[in-house]
Amino acid sequence: MEFPFSWWNMPTATDHAPVVRHAKTIGGIPVAPVQSAPFAAVARLDTVSIRLRLELERLKLLRGFDELLCLEGLRGVEEMPHQIETVRKVLRYFHGRVLLADEVGLGKTIEAALLLREYLLRGMVKRVLILVPSPLTGQWRDELAGKFGLPFDLATSGWDRRHWEQSERVVASIALAKSRRHFDLCAAAPWDLVIVDEAHHCKNRDTRNWQLVNALRRRHIFLLTATPVQNNLIELYNLLTLLEPGHLKTEADFKKSFVTRGNPRDPRNRRVLRDLLSQVMVRNTRSLVNIELPRRYAQTFAITAGEDESRLYRHLDSYLRWRCRPASAATTPVDADTAEGLDTPDMEPQADVLASIAGGVVYHRQEDQAAAMESRLVALEETWSHPPDNLPLLHKLQINSILMAAGSHPLALRPALERLGLQDHRAAPLLELARGLEESAKEKKLLELLGKNRGQKTLVFANFRITLDHLAGLLERHGIRGVLFTGSLSQMEKELAIDDFKHDAPVMLCSDSGGEGFNLQFCNTLINFDLPWNPMRIEQRVGRVHRIGQTREVFVFNLCTRGSLEDKILTVLNDKLRMFELVVGEVGSILGNTENGEDFETLVLDLWMKSKSTDDLDAAFANLGDALLTAQADYLKTKQFDEALFGEDYA
């Protein structure tokens, strides 16, 4: 007989003090220590007695769902009453198959994770597959591990049958799982529970998304979406067929009973349909939950770079475009698996070549040095008019990393330029220029904002550790105390840093991975020193302070270099979508209505790579803005349709 517990340090029969069971895990999942009465009535603790006692405790736990196991041992999770009630309701009435359709921002993900944790703790499931959009795989894996104590494997393109069969907890992008290589492997593996995030992407049964989920061998399934119906009622039928085949009978029966002839968006027999949906769907709405957050305000500062910094960015752009151009059909880009290996060069540059191109001349006046550097770079650009010979094309991952470093700080560029210089001596002047830049134009604005916010707590985000280290030194030189907070800190170090920030230091310098799972509502000012290209990551940053428990208005300041990719991204997101005025979560829903929009970071890079000039890039971003406006209009129509269809009948 297997028990979901592992308890140690059992007392003898003569011990009359309460027993503290020091097990910190149940089934490998962290929980709080449990205290119970001693075994005073047991004369001798033999194996049979222990097993009977354990079985009694197990039966007590499994008898009902009033006492939830999943709430113990959480970290940084602010579960709301409606989420806890949803968990209890699903456990009692839905038999492991449910459509979680809360409105955007009400915490469907938390509900699903709590349910998952409860199922695992009770021994109801063992093998779990979570299918999510590609940009969300890392977020799901990290939050499950960090907040819920549930480690998951992240499926990759290199997985084979052994991985799919032996990995008991898997997070996979639905794009990977439905691919030709992985579809059959994923579908052949048995799963106790499948969770599908953004399940409205499975609304069409002719798509690979729907066909994959339908083919999965699963006992239980949770579908998550804020917009179950986007175009017509048949989409709802398709989703519920994945959830509970036959619940709505056949498609022909469903159309006959519930779809108005000539208007597939208008349901008939609403009361009967509502009763059927209530058996498989839970939907919480903002009006019922009554969650209101303080207002937030956002302002973007596009800073004009200095002459040398501007020169660096301009020539870097030209060089990277040159390294993207194939010299011939025989020249192929480095594949993704080996792109990372290029970061560790296996050859040294020739000293004489570097000396002749990257320096060797001493200039007595700064103006002479700048003019000489410009002339050398201009001369080099003439060689860039031809495709590079005998050089591997840069992979998209490398270009992405370099461009994002340029958007952060010149210091963040140096490591990448050093590696490029070891491959290609023509990159050496760019490295020399970057080495001469110790400051960025954005630093002055950062200090100005911090000066105006004296006496208040300010959270400063940056993508790169080298940028954070530099900003820490900058603040120290100006007499501003800051605390560094990154994902590399231990749990104890993070807690000490949070305490220091809350009670002493006015500024926290934070990486994207650093602040995950911690409550920072005592701070209401956030500065993005640089910007992720993924809007959902920007939203996650803002969500560190603009969340339940925040009592003050929130102020968000975005810093970018004028004319940079970050400037163009912010223009599109802020001017077109009014991103910082949207409810948390709505950006993802809007992007999901655009072609490849969910992978916004890749979309931005593709626009850059396809453009041949600044004018081309500006035109491409203008078209992107128009596409986002259309997607937003489609989302609002869908939202109104779902509100009219479902109302508040499924909470």
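Since the structure is predicted, the reported quantities are computational estimates derived from the model, not experimental observations. Atom set for the values below is all heavy atoms of this structure, side chains included, hydrogens, waters and symmetry mates excluded.
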(request) To the nearest 0.5 angstrom, please state how far the CG atom of Leu185 sits from the NE2 atom of His163. (result) 11.5 Å
(message) Looking at His503 and Asp499, would you say the former's side chain and the latter's main chain have a donor-acceptor pair under 3.5 Å?
(response) yes
(message) When you measure from the side chain of Ser167 to the backbone of Arg169, do you find a donor-acceptor pair of N or O atoms at a distance under 3.5 Å?
(response) no
(message) Between Lys442 and Ser408 (side chain of the first, backbone of the second, donor and acceptor by atom type, cut-off under 3.5 Å), is there such a pair?
(response) yes
(request) Mark yes or no for whether Arg181, through its side chain, and Ser157, through its backbone, hold a donor-acceptor pair below 3.5 Å. (result) yes
(message) I'd like to know if the side chain of Ser401 reaches the main chain of Gln398, judged simply by a donor and an acceptor atom lying under 3.5 Å from each other, with no hydrogens or angles considered.
(response) no
(message) I'd like to know if Arg311 pairs up with Asp308 as an ion pair, taking the criterion as any Lys NZ or Arg NE/NH1/NH2 lying under 4.0 Å from an Asp or Glu carboxylate oxygen.
(response) yes
(message) I'd like to know if Arg321 and Asp616 make a salt bridge, using a cut-off of under 4.0 Å between side-chain N and carboxylate O.
(response) no
(request) Decide, yes or no, whether a salt bridge links Asp153 with Arg141 under the criterion of side-chain N to carboxylate O below 4.0 Å. (result) no
(request) Please check if the side chain of Arg414 supplies one atom and the backbone of Arg435 the other of a donor-acceptor pair under 3.5 Å. (result) yes
(message) Going by salt bridge (Lys or Arg N to Asp or Glu O under 4.0 Å), name the residues that satisfy it together with Arg537, two or more places apart in sequence or in a different chain.
(response) Asp512
(request) Determine whether the side chains of Ser490 and Glu493 contain a donor N or O and an acceptor N or O closer than 3.5 Å. (result) yes
(request) Answer yes or no: is there a donor N or O on one side and an acceptor on the other, between the side chain of His470 and the main chain of Glu438, under 3.5 Å? (result) yes
(request) Kindly assign one of parallel, tilted or perpendicular to the pair Trp322 and Tyr319, based on the angle between their ring planes and the thresholds 30° and 60°. (result) tilted
(request) Decide yes or no for Val545 and Thr525: does some side-chain heavy atom of the first lie under 4.5 Å from some side-chain heavy atom of the second? (result) no
(message) I need the Glu309 CD to Leu437 CG distance, nearest 0.5 Å.
(response) 6.0 Å
(request) With rounding to the nearest 0.5 Å, note down the distance linking CG in Leu446 to CD1 in Ile303. (result) 10.0 Å
(request) Under the salt bridge (Lys or Arg N to Asp or Glu O under 4.0 Å) rule, collect the residues that match up with Asp626, sequence neighbours excluded. (result) Lys576
(request) Using atom types as modelled and distance alone, determine if a side-chain donor or acceptor of Arg323 lies under 3.5 Å from a backbone N or O of Pro392. (result) yes
(message) What's the separation between atom NZ in Lys444 and atom CZ in Phe301, rounded to the nearest 0.5 Å?
(response) 13.5 Å
(request) Would you kindly say whether Asn400 and Trp533 are connected by a side-chain donor-acceptor distance under 3.5 Å? (result) no
(message) Is it the case that the side chains of His409 and Glu443 hold a donor-acceptor pair, with the cut-off being a distance below 3.5 Å and no angle test?
(response) yes
(message) Using the rule side chain to side chain donor-acceptor pair (under 3.5 Å), only one of Lys178, Glu198, His201 pairs with Asn209; which is it?
(response) Lys178
(message) Less than 4.5 Å apart, side chain to side chain, heavy atoms only: is that true for Leu447 and Leu475?
(response) yes
(message) A side-chain contact here means heavy atoms from C-beta on lying under 4.5 Å apart; do Leu474 and Ile480 qualify?
(response) no
(message) Show, in sequence, the C-alpha distance, side-chain angles and deciding distance for Ile569 and Leu531, and conclude whether the side chain to side chain contact (heavy atoms under 4.5 Å, CB included) test is met.
(response) CA-CA 9 Å; Ile569 291 170; Leu531 270 298; over 6 Å; no
(message) Quick check: closest heavy atoms across Ala462 and Thr467, and the distance to 0.1 Å?
(response) CB-CG2, 4.0 Å
(request) Quick one: pull up SG in Cys510 and CZ in Phe461 and give me the separation to the nearest 0.5 Å. (result) 4.0 Å
(request) Tell me, with the steps shown, if Asp606 and Lys396 meet side chain to side chain contact (heavy atoms under 4.5 Å, CB included). (result) CA-CA 9 Å; Asp606 287 342; Lys396 290 174 68 173; 2.8 Å; yes
(request) Taking all non-hydrogen atoms of both residues into account, name the closest pair between Val170 and Phe152 and its distance. (result) N-CD2, 3.3 Å
(request) Report yes if the side chains of Pro410 and Leu413 come closer than 4.5 Å at any heavy-atom pair, otherwise no. (result) no
(request) Output yes when a side-chain donor or acceptor of Arg562 lies under 3.5 Å from a complementary backbone atom of Ala302, and no otherwise. (result) yes
(request) Inspect the surroundings of CZ in Arg477 and state if more than 12 heavy atoms from other residues, nucleotides or ligands are less than 6.0 Å away. (result) yes
(message) Can a donor-acceptor pair be found, under 3.5 Å and without considering hydrogens, that links the side chain of Ser310 to the backbone of Gly306?
(response) no
(message) Can you tell me how far apart CG (Asn463) and CZ (Phe529) are? Round to the nearest 0.5 Å.
(response) 11.0 Å
(request) Identify whether the distance between the nearest side-chain nitrogen and carboxylate oxygen of Lys457 and Asp504 falls below 4.0 Å. (result) no
(request) Kindly write out the residues that satisfy side-chain hydrogen bond (donor to acceptor under 3.5 Å, both in side chains) with Asp197, not counting sequence neighbours, or none if the list is empty. (result) Trp140
